[in-house]
Amino acid sequence: MNYTSTRDNSRRVTAQEAIVRGISPEGGLFVPETMPALTGEDLTALAGMTYIQRAKWVLEKFLPDWTAEELSAAVEAAYGGDRFEDGNPAPLSRLDENCYLLELWHGPTCAFKDMALQLLPKLLPAAARKSGCGKEIAILVATSGDTGKAALEGFRDVPGTRIQVFYPQEGVSPMQKRQMTTQQGGNVSVVGIRGNFDDAQNGVKAIFGNEAMAKTLGERGFALSSANSINWGRLVPQIVYYISAYCTLLADGELKTGEAVNFCVPTGNFGNILAGYYAKQMGLPVKRFLCASNRNNVLTDFIATGRYDRNRRFYTTTSPSMDILISSNLERLVYLLTGKNDGETREKMAALGGTGVYQLDERELSALQKEFFGGCCDDEEAARTIRETFREYGYLCDPHTAVAMNVCRQYRKETGDETRTIVLSTASPYKFGDTVLAALGEDCPGDDFARLSALEQISGLPVPAALSTLKDAPVRFGEVCAPEEMGDKVLEFLG
């Protein structure tokens with residue numbers, strides 16, 4: 001299998017090259033030239049497998065440059081042992097007869113980003129060696145909260161790599177910030193920026209597009225790569241848990257092979273929901289994807305009108321990982337909607353970078369709306385959803401999951417569609433203790449760890465060890481810079 005660029009599909013690279021580079025030289029994103037097939041017989045066979053076995057099966061379809069033995073070792077190292085609670089990386093919880101929660105936060109950083117960022121650090125160094133890169137890999141990450149910690153933890157002390165994370169200083173939860181600023185490892189760096197996530201993301205993109213910077217780093221023995229969801233190595237592990245969730249329902253007798261489900265996904269950068277769409281392109285029976293946004297509802301408007309317009313007020317919300325106005329992975333979907341027209345995709349992305357606006361035509365909009373429903377809710381609605389879900393079902397969810405559950409209810413009310421729906425639960429409620437306690441109408445202690453104890457008493461759920469142990473962890477990183485200074489911080493770190 002080869003990969004091509006959304007902005008130049010005459011460019012062809014191997015899976016190894018796509019993962020090492022992260023982004024194509026002209027700014028496009030790497031996509032598979034063809035999509036592997038997933039048949040009903042395959043689903044029946046996968047239903048009898050463990051998550052690790054399912055992951056190996058899917059990854060072998062997309063990553064032919066690795067031997068079966070290499071992929072097996074990478075998957076076992078990522079998902080085996082005690083890396084995930086109870087040895088199950090992606091358990092399903094049933095809420096009612098038509099709604100299930102796919103819990104993706106049982107990994108070492110309590111967020112869904114672990115599902116990809118435990119595996120990518122096993123793939124990237126090997127890909128660099130096999131492709132003859134010959135340089136140390138310098139990984140740059142912009143984060144709205146969860147990606148940063150998951151990437152730092154995944155790449156911590158991985159030989160041949162260094163990783164630097166930029167996050168909005170006032171745009172993450174207190175627990176997310178503490179997770180990053182106390183990060184251990186000799187090859188890591190964390191810098192806050194005075195701005196929002198889009199400023200951080202644009203800054204990282206500008207560094208990748210800076211030829212002078214690339215030359216300087218090359219002379220110092222570094223090759224740039226990314227651990228953000230624009231890297232194909234981040235997306236392909238996410239395809240796995242969509243297929244696995246369906247197969248778990250098959251194995252449990254909740255579905256018949258070929259019966260369609262809906263997926264509802266809290267969405268910011270569009271990578272998570274796009275992975276599900278790729279699974280459908282393979283053959284996974286999915287009726288509709290419900291794209292759930294918070295008050296930063298640029299995607300909701302896009303799905304409704306076909307007009308992407310980032311020229312709007314930016315809101316800091318209680319679901320910070322979704323506080324995004326430029327959804328980078330949407331470019332991959334646009335490429336498919338245009339019939340894999342790289343020229344048209346390039347023009348739309350140029351318009352987004354210039355005026356901040358681009359428009360789908362009627363055919364493209366119709367194709368989009370056939371597959372996706374867009375909905376949004378504000379902080380107050382999300383809080384009410386947390387409270388009502390806990391009171392009705394005894395299930396405690398974080399604010400991002402609450403946004404998705406709220407949109408799922410909107411969709412059912414608007415359409416009457418009672419198709420079985422799998423809601424992606426993307427973070428532990430303990431990562432957002434202040435928000436969850438307030439939603440439940442409980443007193444909110446000023447200390448982060450007192451909040452954890454309060455939530456534990458209310459819910460009966462044990463505090464994840466990955467969070468409780470942060471109490472005594474020393475803060476290592478407190479540096480803050482302006483977005484235009486990010487390149488200087490990279491050069492300092494890689495000096």
Side-chain angles (χ1 to χ4, degrees), residues 22-23 27 113 138-152 155 162-183 185 187-220 222 224-231 268-269 294-296 298 309-328 349-350 352-356 475-495:
I23 189 169
K113 305 298 176 73
I139 300 153
L140 303 184
V141 176
T143 184
S144 54
D146 288 332
T147 291
K149 173 60 181 178
L152 289 163
F155 281 99
R162 295 197 202 181
I163 178 167
Q164 187 167 41
V165 169
F166 295 93
Y167 72 96
Q169 172 72 4
E170 302 300 330
V172 299
S173 78
M175 190 59 71
Q176 287 174 316
K177 182 182 293 188
R178 188 169 186 85
Q179 281 187 300
M180 288 186 284
T181 58
T182 60
Q183 177 66 46
N187 65 334
V188 305
S189 169
V190 179
V191 181
I193 67 159
R194 291 185 286 273
N196 59 39
F197 169 75
D198 289 328
D199 296 320
Q201 182 168 249
N202 289 336
V204 167
K205 286 182 177 179
I207 292 168
F208 273 93
N210 188 324
E211 294 183 4
M213 172 76 80
K215 180 179 179 181
T216 298
L217 293 179
E219 292 170 350
R220 296 185 185 183
F222 293 100
L224 285 177
S225 189
S226 172
N228 278 95
S229 58
I230 56 173
N231 190 315
N269 221 6
N294 60 21
R295 199 175 178 188
N296 294 295
V298 62
D309 186 353
R310 64 174 174 84
N311 301 312
R312 60 183 66 208
R313 181 177 175 182
F314 178 90
Y315 296 99
T316 299
T317 75
T318 57
S319 47
S321 296
M322 300 159 67
D323 290 347
I324 296 171
L325 294 181
I326 303 175
S327 302
S328 290
M349 295 307 110
L352 179 65
T355 64
V475 173
R476 296 184 63 204
F477 304 102
E479 193 171 13
V480 181
C481 75
E484 59 269 19
E485 297 172 327
M486 289 170 60
D488 294 334
K489 296 305 175 186
V490 171
L491 292 173
E492 288 177 17
F493 175 54
L494 300 178

Quiz item: Hey, does the side chain of D198 reach the backbone of L325 with a donor-acceptor pair shorter than 3.5 angstrom?
Solution: yes
Quiz item: R310 side chain to L352 main-chain N or O, any donor-acceptor pair under 3.5 Å?
Solution: yes
Quiz item: Distance from S229 atom OG to K113 atom NZ, nearest 0.5 Å?
Solution: 6.5 Å
Practice problem: Kindly say whether V475 contributes a backbone atom to a donor-acceptor pair with the side chain of T182 at under 3.5 angstrom? | Solution: no
Quiz prompt | Beyond-backbone contact of T181 with Y167, side-chain heavy atoms, under 4.5 angstrom | solution = yes
Exercise. Quick one: pull up CG in N228 and CD1 in I23 and give me the separation to the nearest 0.5 Å.
Key: 10.0 Å
Quiz item: Where the side chain of N311 meets the backbone of T355, is there a donor-acceptor pair that is under 3.5 Å apart?
Solution: yes
Self-check item: Side chain to side chain, Q164 and L494, heavy atoms closer than 4.5 Å
Solution: no
Quiz item: Can you tell me how far the CZ atom of F197 sits from the CG atom of N202, to the nearest 0.5 Å?
Solution: 9.0 Å
Quiz item: Does E211 CD have over 12 foreign heavy atoms under 6.0 Å away?
Solution: no
Quiz item: So, T147 side chain and T143 main chain: donor-acceptor pair closer than 3.5 Å or not?
Solution: no
Quiz item: Donor-acceptor pair, K177 side chain versus Q169 backbone, under 3.5 Å?
Solution: yes
Which donor-acceptor pairs under 3.5 Å do side chains of residues 478-486 form with protein atoms, sequence neighbours excluded?
{"from": "E479", "atom 1": "OE2", "to": "K489", "atom 2": "NZ", "distance (Å)": "2.5"}
{"from": "E485", "atom 1": "OE1", "to": "A482", "atom 2": "N", "distance (Å)": "2.8"}

Quiz item: For the residue pair S327 and I324, what are the closest heavy atoms and their distance?
Solution: N-CG2, 4.2 Å
Self-check item: Any side-chain heavy-atom pair of Q183 and K149 under 4.5 Å
Solution: yes
Exercise. Go through the steps to decide whether L491 and M213 satisfy the test side-chain contact (heavy atoms from CB on, under 4.5 Å), and finish with yes or no.
Key: CA-CA 9 Å; L491 292 173; M213 172 76 80; 3.5 Å; yes
Quiz prompt | Non-hydrogen side-chain atoms of V165 and F155 separated by less than 4.5 Å | solution = no
Self-check item: Heavy-atom side-chain contact between N196 and D323 under 4.5 Å
Solution: no
Quiz item: Taking the side chain as C-beta and beyond, is there a heavy-atom pair between N231 and S225 under 4.5 Å?
Solution: yes
Quiz item: Is there a donor-acceptor contact under 3.5 Å from the side chain of N210 to the main chain of A206?
Solution: no
Quiz item: Does N269 use its side chain to pair, donor to acceptor, with the backbone of S328 at less than 3.5 Å?
Solution: yes
Practice problem: Could you tell me whether the side chain of M180 reaches within less than 4.5 Å of the side chain of F477, counting heavy atoms only? | Solution: no
Quiz prompt | Heavy-atom pair with the smallest gap, counting every atom of P320 and G171 | solution = CB-O, 3.4 Å
Quiz item: Are the side chains of S321 and S144 in touch, meaning some heavy atoms are under 4.5 Å apart?
Solution: yes
Quiz item: For G185, does its backbone N or O pair with a side-chain atom of R476 as donor and acceptor, under 3.5 Å?
Solution: yes
Self-check item: Partner of L152 by side-chain contact (heavy atoms from CB on, under 4.5 Å), out of I139, V141, I163
Solution: I163
Quiz item: Are the side chain of N296 and the backbone of F314 linked by a donor-acceptor contact shorter than 3.5 Å?
Solution: no
